[in-house]
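Structure record follows, encoded as structure tokens.
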Amino acid sequence: MKEDKTNINTSESFEIKIGRLQAIVDKLEGDPSLSLEDGMALFEDGLKLTKECVEELNVTRERIADLDRQLETVLENPLFGGDNE
């Protein structure tokens, strides 16, 4: 399968980013021995990943809207013309 390079900040897939984000949340919520400094670093990484994921979702939302507009154009202008059903 060909890798899509339209990703915002990295070629890392959206799914991998979500998995990394979940791992960060799990560590922040479940590791009572985590130091404040390490927790803050994880939190910052999580925010960065969240921003990248939201940006990627916004790009995807725009692509879907564009495809929807293209589909509407095709449906409004059939190849063989006329309103015959």
Side-chain angles (χ1 to χ4, degrees):
M1 183 175 179
K2 186 176 159 186
E3 187 176 347
D4 184 3
K5 299 286 185 180
T6 60
N7 205 336
I8 301 298
N9 293 320
T10 177
S11 62
E12 185 175 54
S13 77
F14 178 81
E15 291 78 10
I16 290 173
K17 288 178 188 177
I18 291 294
R20 288 179 50 214
L21 187 55
Q22 184 61 55
I24 288 171
V25 170
D26 291 345
K27 183 137 181 117
L28 286 170
E29 290 180 342
D31 188 352
S33 66
L34 194 64
S35 72
L36 180 60
E37 185 176 317
D38 290 342
M40 286 300 298
L42 282 172
F43 188 78
E44 288 174 352
D45 289 346
L47 284 177
K48 179 182 175 209
L49 281 169
T50 300
K51 181 180 179 210
E52 290 175 11
C53 288
V54 167
E55 288 173 353
E56 191 167 342
L57 286 172
N58 287 335
V59 167
T60 301
R61 182 179 296 125
E62 273 302 310
R63 289 177 63 199
I64 290 170
D66 184 50
L67 290 171
D68 189 48
R69 286 187 293 272
Q70 289 178 38
L71 177 61
E72 288 296 322
T73 299
V74 168
L75 293 175
E76 290 171 1
N77 302 304
L79 292 176
F80 299 106
D83 292 319
N84 299 341
E85 290 188 27

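Heads up: numbering here begins at 1 and tracks the sequence.
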Any side-chain heavy atom of E52 within less than 4.5 Å of one from E56?
no
Starting at CG of N58, measure out to CD of E55 and round the result to the nearest 0.5 Å.
8.0 Å
For a quick test of your reading: what N or O donor-acceptor pairs under 3.5 Å do the side chains of residues 35-44 make, sequence neighbours left out?
unit_1, atom_1, unit_2, atom_2, d
S35, OG, D38, N, 3.0
S35, OG, D38, OD2, 3.3

Name each donor-acceptor pair under 3.5 Å that joins a side chain in residues 24-32 to protein atoms two or more places apart or in another chain, with its distance.
unit_1, atom_1, unit_2, atom_2, d
D26, OD1, Q22, NE2, 2.8
K27, NZ, D31, OD2, 3.3
D31, OD1, S33, N, 3.1
D31, OD1, S33, OG, 2.6

Calculate, to the nearest 0.5 Å, the distance between atoms SG and CD belonging to C53 and E15 respectively.
9.5 Å
Test question: given the 4.5 Å side-chain rule for I, L, V, M, F, W and Y, name all other residues clustered with L75, or answer none.
L71
Identify, with sequence neighbours excluded, every residue that meets side chain to side chain contact (heavy atoms under 4.5 Å, CB included) alongside Q70.
D66, L67
Distance from L49 atom CG to R20 atom CZ, nearest 0.5 Å?
4.5 Å
Determine whether more than 12 heavy atoms belonging to other residues, nucleotides or ligands lie under 6.0 Å from atom CD of E72.
yes
Side chain to side chain donor-acceptor pair (under 3.5 Å) partners of R69, counting only residues at least two apart:
none
For L21 and G46, the nearest pair of non-hydrogen atoms, with its separation, is CD1-O, 3.5 Å
Holding to side chain to side chain contact (heavy atoms under 4.5 Å, CB included), I want the full list of residues that pass it with L57, two or more places apart in sequence or in another chain.
F14
